[in-house]
Amino acid sequence: MIILGIESSCDETASAVVENGRIVRSQVVASQISVHSPYGGVVPELASRRHVEAIIPVIDQAVRESGCTFDDIDAIAVTCGPGLIGSLIVGIAAAKAIAYALDKPLIPVNHLEGHIWAAFLEGEPPDEPSVCLVVSGGHTALYYVCPGEVPKLLGTTLDDAAGEAFDKVAKLLGLGYPGGIVIDRLSENGNPQAFHFPRSFLGKDSLDFSFSGIKTAVVNFVKKFGNPTDMGKERLGYRIEDLAASFQEAVVDVLVEKTTLASDLKGVTHVAVVGGVAANRRLRERFIERAVEKGWKLRLPPLSLCTDNAVMIAAAAYEVWKRQGFSRDIFSVDAVSRWY
Ligand code: KG4
Ligand code: ZN
């Protein structure tokens, strides 16, 4: 089955053609980084406007590069949430119009389930339950994923998402946007033990997260020791690389420990880590080490499938179709800001 995937939940306009949920025929992503970087974060109104401009050329390119025609496509899949409502609506309107004009079914996809399926595109799909950490700019959550079932939420962030903490700290330090990539790069030359930042584990068996405390700790650190945005990097009494590496290490510690707790509590050895922050070098290194210690089968998507894309939406749509078939009622498909 050939599925045309469409993704516009945040700041990437993306489309892809994927066969049987696994064979990637084409993949197009139009990034909005240059639009949002002057603001140090995504500006929802600007994101929606940019999606309106990009959505048709991006879909056209994805279909053209797939070697398929619109007639060859069996179904259209679109992200319906969670995400920014104004952004979601653009992708959904395009998907509905294509499905209606071509008389093809429309498959609504949960963005987080999309991220999860990005981990299973390579290699055999899992035949056992997995624990999956979704760690992105909008979400940090643990899911229990059983083959053929809707993923079950085990725990989520009570405040900021991990990627949001990266972005806010980078903004505070005047490092640019998206913050995760800059902090990742700077940390390579930093000492992760230089400074101690708090790790919030909440209760002993809690699978929830909280990253607002560490963000505040960095705010307090720069109040005390100086902020590069006020005094310039050279006059600081510490190395910005050390600050970046110490902050990153604290975030990664929490993510690794919570995922380990979830896998122990659920008794699983299949573990996946997905979402934009899963592109982080130190996070990948630490999860690979933990997988060796615990004997996990670890799935990490390739870097191109960590951040938002439409391959993951088409792949997840194939699973949704296997689970519940097609919904022919395309006009009932709508945007939702919060979902499982
Ligand atoms: O999955 P994604 O593209 O969008 C959401 O669904 O939110 O994730 C974007 C997030 C941003 O917060 C960005 O700073 C973070 O992923 N990110 C990273 C890295 N690359 C992107 N965080 C840490 N290290 C990276 N290498
Ligand atoms: Zn995402």
Side-chain angles (χ1 to χ4, degrees), residues 5 7-18 21-34 36-37 42 58 61-62 65 79 111-123 125-126 130 132-141 143 161-167 170 175-190 192 244-245 248-249 251-252 255-256 259 270-292 296-316:
E7 155 64 38
S8 70
S9 66
C10 189
D11 60 341
E12 321 279 3
T13 321
S15 183
V17 175
V18 179
R22 308 194 69 73
I23 304 160
V24 181
R25 294 274 200 109
S26 66
Q27 173 180 16
V28 180
V29 180
S31 166
Q32 300 185 1
I33 287 179
S34 61
H36 302 290
S37 62
V42 177
V58 163
Q61 190 183 340
E65 291 180 359
T79 305
H111 181 77
L112 303 177
E113 194 172 353
H115 274 301
I116 292 171
W117 278 96
F120 303 128
L121 269 149
E122 280 182 358
S130 321
C132 184
L133 171 70
V134 180
V135 62
S136 70
H139 305 274
T140 297
Y143 286 88
E164 197 179 352
F166 271 99
D167 294 339
L175 298 176
Y177 174 83
I181 299 169
V182 196
I183 290 180
D184 186 352
R185 206 179 314 126
L186 277 173
S187 300
E188 274 204 294
N189 298 314
Q248 177 178 274
E249 197 69 7
V251 174
V252 170
L255 296 172
V256 171
T259 307
H270 286 247
V271 173
V273 185
V274 303
V277 183
N280 184 273
R281 265 175 284 215
R282 183 68 180 142
L283 177 139
R284 293 173 88 90
E285 196 175 271
R286 292 279 309 279
F287 268 103
I288 290 168
E289 282 168 17
R290 183 57 56 92
V292 172
W296 289 344
K297 289 197 180 68
L298 177 69
R299 308 271 196 140
L300 289 165
L303 296 189
S304 65
L305 296 184
C306 286
T307 44
D308 289 348
N309 65 85
V311 169
M312 67 186 200
I313 301 306

So do the side chains of [X] and [Y] get within less than 4.5 Å of each other, counting heavy atoms only?
{"X": "Leu300", "Y": "Ile288", "answer": "yes"}
{"X": "Asn309", "Y": "Glu7", "answer": "no"}
{"X": "Val274", "Y": "Cys132", "answer": "yes"}

Could you tell me whether a side-chain N or O of [X] sits under 3.5 Å from a main-chain N or O of [Y], the two making a donor and an acceptor?
{"X": "Thr140", "Y": "Ala162", "answer": "yes"}
{"X": "Arg25", "Y": "Ala62", "answer": "no"}
{"X": "Ser26", "Y": "Ala16", "answer": "no"}
{"X": "Arg299", "Y": "Ala118", "answer": "no"}

Any chance you could measure [X], atom [atom1], to [Y], atom [atom2], to the nearest 0.5 Å?
{"X": "Ser9", "Y": "Asp308", "atom1": "OG", "atom2": "CG", "value": "5.0 Å"}
{"X": "Leu305", "Y": "His115", "atom1": "CG", "atom2": "NE2", "value": "10.5 Å"}
{"X": "Leu283", "Y": "Leu133", "atom1": "CG", "atom2": "CG", "value": "7.5 Å"}
{"X": "Tyr143", "Y": "Ile116", "atom1": "OH", "atom2": "CD1", "value": "6.0 Å"}
{"X": "Thr307", "Y": "Met312", "atom1": "OG1", "atom2": "CE", "value": "8.5 Å"}
{"X": "Arg286", "Y": "Asn280", "atom1": "CZ", "atom2": "CG", "value": "11.0 Å"}

- Task: State which residues pass salt bridge (charged side-chain N to carboxylate O under 4.0 Å, His left out) with Glu122; sequence neighbours excluded, sorted by chain then number.
- Result: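 Glu122 satisfies salt bridge (charged side-chain N to carboxylate O under 4.0 Å, His left out) with no other residue.
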Give me the atom names and distance for the closest heavy-atom approach of [X] to [Y].
{"X": "Gly21", "Y": "Ala315", "answer": "O-CB, 3.6 Å"}
{"X": "Gly114", "Y": "Ala316", "answer": "CA-CB, 3.8 Å"}
{"X": "Ala170", "Y": "Gly176", "answer": "CB-O, 3.7 Å"}
{"X": "Ser136", "Y": "Ala161", "answer": "O-CB, 3.6 Å"}
{"X": "Arg284", "Y": "Cys306", "answer": "NH1-SG, 3.5 Å"}
{"X": "Ser130", "Y": "Pro126", "answer": "OG-CB, 4.0 Å"}

Got a list of side-chain donor-acceptor pairs under 3.5 Å for residues 177-184, not counting sequence neighbours?
from, atom 1, to, atom 2, distance (Å)
Tyr177, OH, Asp11, OD2, 3.1
Asp184, OD1, Arg281, NE, 3.3
Asp184, OD2, Arg281, N, 3.2

- Task: Sequence neighbours left out, what passes side chain to side chain donor-acceptor pair (under 3.5 Å) with Arg185? Give chain and number order.
- Result: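 Partners of Arg185 by the side chain to side chain donor-acceptor pair (under 3.5 Å) criterion come out as none, since no residue qualifies.
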